[in-house]
Amino acid sequence: MITDFETNTLFFANSTNTDYLALKDYLKNEGVQIFELVGTKDIWARDYMPIQVNDNKFVKFAYEPNYLLNDTYRHTITPAATIEDNCKKIGIDLVSSPIKVDGGNVIKCDDAVIMTDKIFSENSNYTPMQLVAEIERLLECEVLLIPFDKYEGVYGHADGVLRYLGNNELLLAEYGDDDYLNAVQKALGNKFAYKQLHIGRCDRKNKDRLWSYINYIQTKNFIILPALTENGEGEEDVAALEQFRQLFPSYNKKNCIIQAYALPILKMEGGLHCCSWNVKL
């Protein structure tokens with residue numbers, strides 16, 4: 001799989017949302033080059049854009065999440081034709097699948113992907129065995145499943161739980177539910193070693209958003225780390241930055257860990273990883 005730290009091109013949706021525009025302007029001022037996706041219906045590009053398997057293969061799953069299939073939100077679903085047009089403009093040929101998968105539920109490791117088992121309820125026309133086998137065929141790697149935490153909400157995205165650090169090592173979120181994280185590790189078995197963010201010793205006013213630090217953007221050139229305060233001065237932000245400097249010494253040495261104020265985005269029920277799409281081109 002093409003992992004995050006191999007990617008070199010970052011895309012955002014072309015939304016007119018004021019907070020989203022402010023985030024993009026801030027990143028551009030910090031020297032981050034951003035490309036735009038045209039004609040998209042919402043900012044959560046991660047979920048509807050395709051999954052990159054290798055230099056030449058991108059898989060577009062169906063973007064029909066059950067939490068948008070109602071009269072209130074159906075109009076926010078970006079059509080398949082719009083996704084295909086954007087990919088064509090940047091020279092990407094797609095392999096399309098009718099399987100319903102959100103990109104935020106795909107954590108790419110070197111030889112596997114990690115997803116929550118919410119994929120089963122989204123694709124009830126497949127047996128679990130058929131579904132996993134077909135996703136493995138499309139992505140050309142092993143599919144590892146972790147439990148869908150129904151207390152987290154309706155989304156069931158793995159990128160709010162963990163991220164891949166490389167060398168068969170995972171980073172776990174400051175999640176607030178040790179039993180759930182234990183269940184995640186049990187489901188994954190002995191394949192990975194684990195590190196965990198520990199922000200909870202700090203000011204708890206943002207305790208329900210501590211998971212957001214796991215929802216960072218990573219390319220080969222930089223890491224964009226969410227901040228819950230405008231200038232990164234909050235205790236949680238200071239603690240998170242220090243941990244990321246230790247976790248990613250090569251990025252820290254190049255001064256390539258950027259904190260970006262993400263609270264307005266989080267209030268829209270997503271994070272930085274959710275509202276971006278990074279690939280290797």
Side-chain angles (χ1 to χ4, degrees), residues 1-13 27 30-37 44-61 83 86-87 89-95 101-115 135-144 157-173 188 191-195 197 213-226 244-258 260 271-281:
M1 297 294 295
I2 298 293
T3 53
D4 282 346
F5 36 84
E6 297 174 87
T7 63
N8 57 15
T9 310
L10 179 64
F11 290 87
F12 277 61
L27 293 177
E30 289 291 311
V32 178
Q33 186 174 24
I34 293 174
F35 297 89
E36 294 214 337
L37 302 167
W44 312 117
R46 181 74 51 183
D47 289 334
Y48 48 79
M49 293 305 290
I51 307 299
Q52 184 172 17
V53 177
N54 54 45
D55 287 345
N56 301 305
K57 183 178 182 182
F58 290 75
V59 178
K60 185 186 77 60
F61 291 102
I83 298 167
N86 275 282
C87 289
K89 288 176 183 177
I90 56 178
I92 291 175
D93 292 324
L94 296 175
V95 175
V101 172
D102 292 355
N105 193 25
V106 181
I107 299 300
K108 299 195 292 180
C109 308
D110 289 314
D111 58 355
V113 296
I114 300 171
M115 311 171 71
I135 295 174
E136 288 184 334
R137 184 189 71 81
L138 290 164
L139 298 183
E140 301 179 16
C141 68
E142 183 180 11
V143 170
L144 303 172
H157 292 172
D159 67 354
V161 180
L162 49 78
R163 296 290 292 276
Y164 185 56
L165 292 173
N167 299 316
N168 286 334
E169 191 169 43
L170 295 176
L171 179 64
L172 299 175
L188 294 174
K191 183 177 178 65
F192 301 101
Y194 299 91
K195 292 182 178 178
L197 293 173
Y213 295 111
I214 204 75
N215 204 259
Y216 58 90
I217 299 170
Q218 181 181 19
T219 72
K220 66 181 296 185
N221 296 316
F222 51 78
I223 288 173
I224 304 172
L225 176 65
F244 270 73
R245 285 171 171 167
Q246 295 176 19
L247 287 164
F248 300 97
S250 62
Y251 287 83
N252 185 47
K253 186 177 181 180
K254 296 182 292 184
N255 199 30
C256 290
I257 301 177
I258 301 168
L272 294 189
H273 189 253
C274 305
C275 70
S276 61
W277 182 58
N278 50 297
V279 292
K280 179 184 178 184
L281 295 180

Sidechain-backbone polar pair: [X] side chain, [Y] backbone, donor-acceptor under 3.5 Å:
X	Y	result
Arg163	Leu171	no
Asn215	His273	yes
Glu136	Val143	yes
Glu169	Gly166	no
Trp277	Ala13	no

Atom pair [atom1]/[atom2] of [X] and [Y] - distance to nearest 0.5 Å:
X	Y	atom1	atom2	result
Ile217	Leu225	CD1	CG	10.5 Å
Ile107	Asp4	CD1	CG	7.5 Å
Leu144	Phe192	CG	CZ	5.5 Å
Gln218	Leu10	CD	CG	12.0 Å
Phe248	Leu165	CZ	CG	5.0 Å
Ile135	Glu142	CD1	CD	13.0 Å

Heavy-atom side-chain contact between [X] and [Y] under 4.5 Å:
X	Y	result
Leu170	Tyr164	yes
Met1	Val53	yes
Phe58	Asp93	no
Glu140	Asn54	yes
Thr9	Ile90	no
Leu281	Ile92	yes
Leu197	Leu247	yes
Leu138	Val95	yes

- [ ] Please determine if Lys253 forms a cation-pi arrangement with Tyr251, meaning its NZ or CZ atom is less than 6.0 Å from the six-membered ring centre and no more than 45° off the ring axis.
- [x] no
Identify the two heavy atoms, one from [X] and one from [Y], that lie closest to each other, and give their separation to 0.1 Å.
X	Y	value
Phe12	Cys275	CD2-O, 3.5 Å
His157	Val161	O-CG2, 4.1 Å
Gly104	Asp47	N-OD1, 2.9 Å
Pro50	Cys87	CG-SG, 3.8 Å

- [ ] Only counting residues at least two apart or in another chain, list the ones meeting side-chain contact (heavy atoms from CB on, under 4.5 Å) with Asn255.
- [x] none
- [ ] Test Val101 against Val59 for side-chain contact (heavy atoms from CB on, under 4.5 Å), laying out the working first.
- [x] CA-CA 11 Å; Val101 172; Val59 178; over 6 Å; no
TODO: Scan residues 101-112 for pairs that pass salt bridge (charged side-chain N to carboxylate O under 4.0 Å, His left out), counting only residues two or more places apart or in two chains.
DONE: Asp111-Lys191
Open item on the list: Under 3.5 Å, is there a donor on one side chain and an acceptor on the other for Asn105 and Arg46?
Closed with: no
Open item on the list: Please verify the inter-ring angle class for Phe35 with Phe11; under 30° counts as parallel, over 60° as perpendicular, anything in between as tilted.
Closed with: tilted
